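Structure first, then comments.
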Amino acid sequence: MSVAKKEYKRVTVKSLVDMKKNGEKISMLTAYDYTMAKIVDGAGTDVILVGDSASNVMAGHETTLPITLDQMIYHASSVVRAIDRALVVVDIPFGSYQSDPKEALRSAIRIMKESGGHAVKMEGGSEIKESIKRILNAGIPVMGHLGLTPQSIYKFGTYTVRAKEEEEAEQLKSDALMLERIGCFAIVLEKIPAKLAQEVAKSVSIPVIGIGAGSGVDGQVLVTHDMVGMTHEFNPRFLRRYMNLYEDMTKAFTQYGKDVKSGDFPNDSEQY
């Protein structure tokens with residue numbers, strides 16, 4: 001059933017809760033730089049995630065673990081300068097919040113003050129509860145992240161679907177309710193069974209945004225570089241490619257090289 005879409009001049013954490021209440025799905029994409037963020041925001045995307053996936057996409061690391069807090073602040077500040085409408089959520093990177101709630105708060109404050117981001121995202125449930133509470137108590141909005149949590153890849157040992165077994169599924173449901181109870185404004189569920197994700201979305205009043213978590217949630221997030229086809233090695237089931245920029249850009253760069261070498265570029269009309 002289609003739902004009349006309300007126009008939001010600026011998307012806030014309250015806007016997302018209203019969207020869920022009104023049955024309007026939430027669109028969320030990543031951006032790590034000014035130019036891409038300008039395009040993503042201009043297209044009407046509700047939430048821009050400055051993800052620690054920048055570690056993979058922008059820096060070429062195998063995992064999200066190497067990216068630093070300073071690097072995340074750099075990427076986030078570039079994105080914030082570009083946006084007019086979207087809510088900007090910034091990942092707190094690995095090692096900046098897990099061990100000490102005080103360190104978690106310092107990291108979140110730095111992100112908010114130095115980048116101008118609107119909220120932070122944190123991976124984990126009950127094990128980081130005190131860190132989340134400390135940040136929330138400072139007035140900083142927090143988006144949770146459950147299911148496959150890439151910062152814990154060496155603990156899991158694989159990027160396979162999470163919470164297929166009953167014990168892990170029950171823990172995830174418990175963690176989702178806990179995140180809502182302590183004050184998170186939304187939760188990302190990554191790579192879990194669609195039926196479980198739908199159950200979680202119905203059990204909480206805050207928005208649940210999925211990536212590889214089926215259609216029964218309140219919104220979807222993808223890595224922009226994947227969905228426009230700039231990357232081509234990564235082919236999970238949940239990824240829909242809306243373009244094939246890898247192919248188009250390769251053709252353009254190849255043709256440019258040929259035109260330069262042949263003397264065809266620049267032609268008479270392209271000179272002063």
Side-chain angles (χ1 to χ4, degrees), residues 12-14 16-17 28 30 47-55 63-77 79-80 87-156 162-163 168 170-192 200 203-211 221:
T12 66
V13 295
K14 183 181 181 301
L16 301 187
V17 175
M28 180 168 162
T30 60
V47 184
I48 292 179
L49 173 66
V50 185
D52 57 6
S53 48
S55 180
T63 71
T64 62
L65 274 62
I67 199 163
T68 67
L69 184 61
D70 285 340
Q71 289 168 333
M72 287 301 302
I73 290 169
Y74 165 77
H75 286 295
S77 60
V79 167
V80 168
L87 179 77
V88 178
V89 180
V90 185
D91 269 336
I92 306 183
F94 176 76
S96 302
Y97 66 94
Q98 286 91 343
S99 61
D100 178 6
K102 290 182 180 178
E103 182 184 17
L105 178 58
R106 285 193 294 270
S107 299
I109 288 174
R110 281 200 62 201
I111 286 171
M112 300 296 282
K113 284 176 69 72
E114 296 177 37
S115 78
H118 308 140
V120 298
K121 182 167 76 64
M122 304 169 69
E123 294 184 10
S126 56
E127 70 277 11
I128 61 163
K129 178 181 177 181
E130 294 308 314
S131 291
I132 295 173
K133 286 173 67 176
R134 184 70 66 105
I135 293 169
L136 288 167
N137 286 341
I140 299 172
V142 175
M143 175 181 281
H145 184 149
L146 301 172
L148 176 63
T149 48
Q151 290 180 9
S152 303
I153 183 57
Y154 290 125
K155 172 185 173 184
F156 294 143
R162 304 303 311 172
E168 189 177 349
E170 289 301 318
Q171 182 62 53
L172 187 144
K173 288 190 281 187
S174 173
D175 282 340
L177 290 169
M178 181 273 294
L179 291 175
E180 177 188 31
R181 186 172 63 253
I182 65 175
C184 289
F185 72 90
I187 302 170
V188 168
L189 292 181
E190 181 168 357
K191 216 167 181 184
I192 68 169
V200 171
S203 73
V204 296
S205 60
I206 58 175
V208 173
I209 298 171
I211 176 167
V221 58

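Just so we're clear, the structure is a prediction, and the values are computed from it rather than from any experiment.
Under the 4.5 Å side-chain criterion, counting only non-hydrogen atoms from C-beta, I48 is in contact with V79. The closest side-chain heavy-atom distance from M28 to I211 is not below 4.5 Å. Looking at heavy atoms from C-beta onward, S205 lies in side-chain contact with E180 at the 4.5 angstrom threshold. Using a 4.5 Å cut-off on side-chain heavy atoms (C-beta onward), M112 and P141 make contact.
Here the closest non-hydrogen pair linking I187 and H145 is CG2-N, 4.5 Å. The two residues M72 and D52 make their nearest non-hydrogen contact at SD-CA, 3.8 Å. Nearest heavy-atom pair, A176 versus V200, reported as atom, atom and distance to 0.1 Å: CB-CG1, 3.6 Å.
In this structure, H118 contributes its side chain and V88 its backbone to a donor-acceptor pair below 3.5 Å. Between the side chain of S96 and the backbone N or O of I92 there is no donor-acceptor pair closer than 3.5 Å.
Atom NZ of K173 sits in a crowded spot, with more than 12 heavy atoms from other residues, nucleotides or ligands closer than 6.0 Å.
Each of T12, V142, L136, V89 was compared with F185 under the side-chain contact (heavy atoms from CB on, under 4.5 Å) criterion, and only V89 meets it.
One side chain, Q71 or T68, offers a donor N or O that lies under 3.5 Å from an acceptor on the other. Under the 3.5 Å distance criterion, with hydrogens and angles disregarded, no donor-acceptor pair is assigned to the side chains of E190 and T149.
A salt bridge does not link D175 to K129: none of the charged nitrogens lies less than 4.0 Å from a carboxylate oxygen.
Looking at residues two or more places apart in sequence or on another chain, you find no salt bridge (charged side-chain N to carboxylate O under 4.0 Å, His left out) involving E103.
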